[in-house]
Trainee: 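Encoded as structure tokens, here's the structure I'll be asking about.
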Amino acid sequence: MPELSSVHGRPGLLITFEGPEGSGKSTLISSLAERLTACGPAPLVTREPGGTRVGERIRDVLLDPDLPEQTRETELLLMVASRAQLVRQIILPALDEGRIVICDRYADASVAYQGGGRELGAEVVDELNQFAVGDAVPDLTFLCLLPPALGRARMGDRDRDRLELEDAAFHERVYDAYRGMAESNVRRFRLIDASTTPDIMLEQTLENLRIVEHDLLTGL
Ligand code: TMP
């Protein structure tokens, strides 16, 4: 049985989902939450940036395409600010109550997007993440992997936010950074092939959860 990379030592379980744009992780999270709810107490589903009143306001600033002057340093600090609020207001209390918390993006996204995409480097991002989350490190992280060109094609013509508007080279760097993190942390990361159907992605996720030993996951 693979062990969880638990660092927080609380009774709950923190599961995060990451991936490049268009990887289908939000759909996957909804179907996983439905499945978990059918077998036990409903998980708490949240997202980043956002997830709190403060964080959702920060999200609006971060994603607004009418704010192109936002610097990469500002962007990183706002991502981390939203995270610090979410961790203390929502995530830690839920983990203390023994709940499953599912977060649509988390600290790794800053390493991929600001560290990799914006080329700020992993070091400064790691340091700020450590300040924001402390020991609230995910037990498991599902990385929905999809080549960036395919992700952009999936987005089609819909209105793009400030980050989605970045060029192909930026999204390639994000993708490479995610892959690098997964390779150097095999204990926490699980790869999901996001080029398949939503049903297969859910099955891949469930298979990974079923083989993990944790009271909250029995009956899946
Ligand atoms: P979403 O589209 O998955 O809701 O994510 C919002 C955007 O924010 C997405 O383009 C990824 C980006 N993002 C970062 O650049 N850094 C971060 O730390 C987080 C959490 C998200």
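Along the sequence shown, residues carry numbers from 1.
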Trainee: On a heavy-atom basis, which atom in L206 and which in R35 lie closest, and how many Å separate them?
Mentor: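 Closest approach of L206 to R35: CD1-NH1, 3.4 Å.
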Trainee: Under 3.5 Å, is there a donor-acceptor pair between the side chain of T205 and the main chain of M201?
Mentor: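 A pair under 3.5 Å: yes.
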Trainee: Counting only heavy atoms not in E73, do more than 12 fall under 6.0 Å of its CD?
Mentor: yes
Trainee: Just how far is it from atom CG of L13 to atom OG of S6, taken to the nearest 0.5 Å?
Mentor: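 If we round to the nearest 0.5 Å, L13:CG and S6:OG are 7.5 Å apart.
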Trainee: I want to check something: taking the side chain as every heavy atom from C-beta on, are T37 and P43 in contact at a cut-off of under 4.5 Å?
Mentor: yes
Trainee: Working to the nearest 0.5 Å, report the span between OG1 of T74 and CZ of R72.
Mentor: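 So the gap between those two atoms works out to 11.0 Å.
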Trainee: Can you tell me how far CD of E18 sits from CZ of F189, rounded to the nearest 0.5 angstrom?
Mentor: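 Interatomic distance, F189 CZ to E18 CD, rounded to 0.5 Å: 6.5 Å.
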Trainee: Between the side chain of S82 and the main-chain N/O of M79, is any donor-acceptor distance below 3.5 Å?
Mentor: no
Trainee: Answer yes or no: is there a side-chain heavy-atom contact under 4.5 Å between L165 and P68?
Mentor: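 A side-chain contact is absent here, since even the closest heavy-atom pair is not under 4.5 Å.
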Trainee: Taking all non-hydrogen atoms of both residues, which atom of L163 and which atom of H171 are closest, and how far apart?
Mentor: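 Answer, listing the atom of L163 first, then H171: O-NE2, 3.3 Å.
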Trainee: What about L143 and I200, same hydrophobic cluster or not, with Ile/Leu/Val/Met/Phe/Trp/Tyr joined at side-chain heavy-atom distances under 4.5 Å?
Mentor: no
Trainee: I'd like to know if I102 and L220 are part of one continuous hydrophobic network [Ile/Leu/Val/Met/Phe/Trp/Tyr, side-chain heavy atoms within less than 4.5 Å].
Mentor: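 Yes: a chain of side-chain contacts under 4.5 Å links L220 to I102.
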Trainee: Flag yes if more than 12 heavy atoms outside D167 fall under 6.0 Å of its CG atom; otherwise flag no.
Mentor: yes
Trainee: How far does CG of L36 sit from CD of E34, to the nearest 0.5 angstrom?
Mentor: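 One finds 10.5 Å between CG of L36 and CD of E34.
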Trainee: If every non-hydrogen atom of L92 is compared with every non-hydrogen atom of A136, which pair is closest and at what distance?
Mentor: CD2-CB, 3.9 Å
Trainee: Treat each ILVMFWY residue as a node, draw an edge where side-chain heavy atoms are under 4.5 Å apart, and state whether I90 and V101 are in one component.
Mentor: yes
Trainee: Considering all heavy atoms of both residues, which atom of V87 and which atom of P93 are nearest to each other, and what is their separation?
Mentor: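 Taking every non-hydrogen atom into account, O-CD, 4.0 Å.
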Trainee: Can you name the nearest heavy-atom pair linking L150 to L146, along with the distance?
Mentor: CD2-CD1, 3.4 Å
Trainee: Could you please spell out the steps behind the side-chain contact (heavy atoms from CB on, under 4.5 Å) verdict for I91 and V133?
Mentor: CA-CA 10 Å; I91 295 182; V133 311; over 6 Å; no
Trainee: Anything under 30° is parallel, anything over 60° is perpendicular, the rest tilted; go ahead and classify Y113 against Y178.
Mentor: perpendicular
Trainee: Does S23 reach the main-chain N or O of L145 with its side chain, forming a donor-acceptor pair under 3.5 Å?
Mentor: no
Trainee: So, does Q89 use its side chain to make a donor-acceptor pair with the main chain of G51 at under 3.5 Å?
Mentor: no
Trainee: Would L62 and E75 satisfy side-chain contact (heavy atoms from CB on, under 4.5 Å), going step by step from the backbone distance to the final call?
Mentor: CA-CA 7 Å; L62 277 164; E75 180 181 285; 3.8 Å; yes
Trainee: Between F142 and I29, is there shared hydrophobic-cluster membership here, with clusters defined by ILVMFWY side-chain heavy atoms closer than 4.5 Å?
Mentor: yes
Trainee: Measure the CG-CG distance between D108 and D126 for me, rounded to the nearest 0.5 Å.
Mentor: 9.0 Å
Trainee: Is it true that a side-chain atom of R154 and a backbone atom of G22 form a donor plus acceptor pair closer than 3.5 Å?
Mentor: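 Confirmed, R154 side chain pairs with G22 backbone.
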Trainee: Determine whether a donor-acceptor pair (N or O, by modelled atom type, separation under 3.5 Å) exists between the side chain of R105 and the backbone of G19.
Mentor: yes
Trainee: Do you know the tightest heavy-atom contact between R188 and D139?
Mentor: CG-O, 4.3 Å
Trainee: Passes side-chain contact (heavy atoms from CB on, under 4.5 Å), R190 versus L209? Steps please.
Mentor: CA-CA 10 Å; R190 304 287 185 274; L209 290 175; over 6 Å; no
Trainee: Looking at P49, is its backbone amide N or carbonyl O close enough to the side chain of R59 to form a donor-acceptor pair, meaning the two atoms are under 3.5 Å apart?
Mentor: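 Yes.
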Trainee: Look at R152 together with E166 and state whether they make a salt bridge at an N to O cut-off of under 4.0 Å.
Mentor: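 Not counted as a salt bridge, because no side-chain N and carboxylate O are separated by less than 4.0 Å.
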Trainee: Between E21 and R160, does any side-chain N to carboxylate O distance fall below 4.0 Å?
Mentor: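 Looking at E21 and R160, the cut-off is not met.
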Trainee: So if I apply the side chain to side chain contact (heavy atoms under 4.5 Å, CB included) rule between F17 and each of I192, L32, V45, which one comes out positive?
Mentor: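 Result for side chain to side chain contact (heavy atoms under 4.5 Å, CB included) with F17: L32.
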Trainee: Transitively linked via ILVMFWY side-chain contacts under 4.5 Å: L78 with L63?
Mentor: yes
Trainee: Got a donor-acceptor contact below 3.5 angstrom from the E56 side chain to the R53 backbone?
Mentor: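 Such a contact is absent between E56 side chain and R53 backbone.
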Trainee: Check whether Q204 reaches the backbone of D193 with its side chain - one donor and one acceptor, N or O, closer than 3.5 Å.
Mentor: yes
Trainee: Give, for atom CG of L14 and atom CZ of R99, the distance between the pair rounded to the nearest 0.5 Å.
Mentor: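 Result: 13.0 Å between the selected atoms.
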Trainee: Given 3.5 Å as the limit, does a donor-acceptor pair link the side chain of E48 with the main chain of D104, or not?
Mentor: no
Trainee: Looking at side-chain heavy atoms only, is the closest gap between R210 and L217 below 4.5 Å?
Mentor: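 A side-chain contact is absent here, since even the closest heavy-atom pair is not under 4.5 Å.
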Trainee: Against V80, only a single residue in I58, V125, L128 fulfils side chain to side chain contact (heavy atoms under 4.5 Å, CB included); can you say which?
Mentor: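 Exactly one pass, corresponding to L128.
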